[in-house]
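Structure first, then comments.
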Amino acid sequence: MITPPDRIPLPRAFFDRPVLEVAPDLLGRLLVRTTPDGPITLRITEVEAYDGPNDPGSHAYRGPTARNAVMFGAPGHVYVYFTYGMWHCMNLVCGPEGTARAVLLRAGEIVEGAALARKRRLSARNDRELAKGPARLATALDVDRTLDGTDACTSAETPLRMLTGSPVVPDQVCSGPRTGVSGDGAVHPWRFWIADDPTVSPYRAHTPRRRSS
DNA sequence: CAGTCGATTCACT
DNA sequence: GTGAATCGACTGA
């Protein structure tokens with residue numbers, strides 16, 4: 001059997017590079033979620049880079065904790081966090097090991113297994129919305145904290161694996177401020193997306209939460 | 001140990 | 001465009 005050229009596993013060395021190099025390079029790559037009912041494959045269209053303990057917008061800003069421990073580990077692994085009491089978001093850890101840099105997967109196009117994704121995303125009005133936004137993406141792929149620490153760079157049958165896909169030419173890569181990041185974390189244009197792609201999520205500035213009574 | 005708020009989404013106006 | 005939902009991690013006292 002032939003392996004299509006876009007379905008070769010991404011080597012760990014891909015992630016063992018500066019996070020600002022890895023993030024735009026992830027656009028157009030494929031993430032395969034293996035489920036009991038079959039595979040769901042995502043073509044990545046939007047990401048954000050988080051630059052470890054020096055980055056005020058990063059979960060690693062205040063050092064290692066039980067939640068973010070995976071970020072401080074080896075590149076090519078998946079960091080999943082739980083937020084707003086109901087959502088999960090997923091990142092790919094970058095290198096070098098111990099630097100706690102990571103790329104948040106913000107949006108993508110479901111290119112295989114859309115029927116499976118739809119079962120988890122009943123509020124989606126069309127297929128473009130299945131993974132438009134980081135929590136929607138994780139929901140569509142059935143990703144939660146039980147997958148925190150999964151190795152996405154292995155030939156073993158892990159539930160999440162990265163494939164080469166088709167990298168996007170530089171002309172098609174856009175960048176801008178990160179979405180929903182507050183304060184000093186918002187100054188850098190560390191959000192990257194594919195130009196004119198209908199699955200990219202809308203930009204939203206950080207909104208402070210209203211005080212409860 | 002109580003208070004605050006989040007790398008968000010959805011229903012509604 | 002606005003506000004609610006919902007809970008656990010983190011902070012500071």
Side-chain angles (χ1 to χ4, degrees), chain A residues 15 19-20 22-24 26-27 31 42 44-72 77-94 99-108 110 117-150 152 160 174-193 198-213:
Chain A
F15 294 98
V19 68
L20 291 180
V22 175
L26 277 169
L27 299 175
L31 172 66
L42 180 89
I44 297 170
T45 60
E46 180 191 357
V47 299
E48 276 175 5
Y50 287 85
D51 193 25
N54 298 320
D55 178 1
S58 171
H59 288 172
Y61 185 52
R62 293 169 203 278
T65 66
R67 172 171 78 152
N68 67 19
V70 169
M71 290 183 94
F72 288 82
H77 292 246
V78 177
Y79 164 53
V80 182
Y81 66 89
F82 179 65
T83 191
Y84 288 101
M86 58 196 113
W87 307 114
H88 295 273
C89 297
M90 67 172 293
N91 299 252
L92 290 161
V93 176
C94 294
T99 58
R101 296 173 178 136
V103 177
L104 171 71
L105 302 186
R106 285 200 56 90
I110 305 288
R118 261 183 243 119
K119 289 184 187 173
R120 312 210 108 254
R121 291 276 302 116
L122 297 179
S123 65
R125 291 175 300 187
N126 55 62
D127 283 6
R128 302 188 313 274
E129 289 185 351
L130 287 175
K132 178 185 284 200
R136 290 168 166 182
L137 185 155
T139 301
L141 297 184
D142 197 15
V143 169
D144 63 22
R145 282 283 284 174
T146 65
L147 296 183
D148 185 50
T150 301
L160 288 167
C174 300
S175 67
R178 295 178 294 188
T179 292
V181 174
S182 62
D184 297 338
V187 300
H188 301 108
W190 288 349
R191 173 175 175 249
F192 302 92
W193 67 94
T199 66
V200 172
S201 70
Y203 173 75
R204 201 171 1 84
H206 173 73
T207 53
R209 192 254 277 285
R210 292 159 59 77
R211 228 200 56 143
S212 56
S213 66

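Per chain, numbering begins at 1; letters A, B, ... match sequence-line order.
As rounded to whole Å, 8 Å separates atom C1' of B/dG6 from atom NE2 of A/H206. With rounding to whole Å, A/L122 atom CG is found 13 Å from B/dC10 atom C1'. For the pair A/L104 CG and B/dG6 P, the interatomic distance rounds to 16 Å; values are reported in whole Å. Distance A/H88 NE2 to B/dT9 C1': 14 Å, rounded to the nearest Å. Regarding A/E129, its CD atom lies at a distance of 17 Å from the P atom of B/dT8, rounded to whole Å. Rounded to a whole Å, the CE atom of A/M86 is 7 Å from the P atom of C/dT6. Counting to the nearest Å, the C1' atom of B/dA7 and the OH atom of A/Y84 are 8 Å from each other. For the pair A/R178 CZ and B/dT8 P, the computed distance is 11 Å after rounding to whole Å.
Between the A/E48 side chain and the A/R106 main chain, no donor and acceptor come within less than 3.5 Å of each other. Remark: side-chain polar atoms of A/R191 are not paired, donor with acceptor, to backbone N or O of A/E46 under 3.5 angstrom.
DNA chain B lies under 4.0 Å from at least one heavy atom of each of the following residues of residues 44-56 of chain A: A/Y50.
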Structure string for DNA chain B in dot-bracket form, Watson-Crick and G-U at under 3.5 Å, | interchain: ||||||.|||||.
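Under 4.0 angstrom from either OP1 or OP2 of B/dC10 there lies at least one side-chain N or O belonging to A/R121. Between B/dT8 and A/T83, no contact under 4.0 Å exists linking OP1 or OP2 to a side-chain N or O.
Within the 4.0 angstrom heavy-atom criterion, no nucleotide atom of any strand lies near A/R125. At the heavy-atom level, A/R106 lies under 4.0 Å from the strands shown only through sugar-phosphate atoms. If you check every strand for non-hydrogen atoms under 4.0 Å, A/G133 touches sugar and phosphate atoms only.
A/Y81 places none of its side-chain heavy atoms less than 4.5 Å from the side chain of A/N68. At a threshold of 4.5 Å between non-hydrogen side-chain atoms, the residues A/W190 and A/V103 do not count as touching. Contact of the A/V181 side chain with the A/H206 side chain is not registered, since no non-hydrogen atoms from C-beta on lie closer than 4.5 Å. The shortest distance between side-chain heavy atoms of A/R121 and A/I110 does not fall below 4.5 Å. Looking at A/V93 and A/V70, their side chains come closer than 4.5 Å, going by heavy atoms from C-beta outward.
If you check B/dA7, B/dC10, B/dT8 against the side chain of A/W87, the one that comes closest is B/dT8.
Counting non-hydrogen atoms of other residues, nucleotides and ligands closer than 6.0 Å to CG of A/D184 gives a total of 12 or fewer. Atom CZ of A/F82 sits in a crowded spot, with more than 12 heavy atoms from other residues, nucleotides or ligands closer than 6.0 Å.
Nearest heavy-atom pair, A/C89 versus A/P134, reported as atom, atom and distance to 0.1 Å: SG-CB, 3.8 Å. Residue A/F72 comes nearest to A/G63 through the heavy atom pair CZ-C, 3.7 Å, listed as atom of the first residue, atom of the second, then distance.
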Protein proximity profile, nucleotides 8-13 of chain C - base contact B, sugar-phosphate-only contact S, no contact -, cut-off 4.0 Å on heavy atoms: -SSS--
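Nearest-nucleotide assignment on DNA chain B puts the 5′-proximal partner with A/P208, out of A/P208 and A/R204.
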A/R67 vs A/D148, salt bridge (charged side-chain N to carboxylate O under 4.0 Å, His left out): CA-CA, chis, key distance, verdict: CA-CA 9 Å; A/R67 172 171 78 152; A/D148 185 50; over 6 Å; no
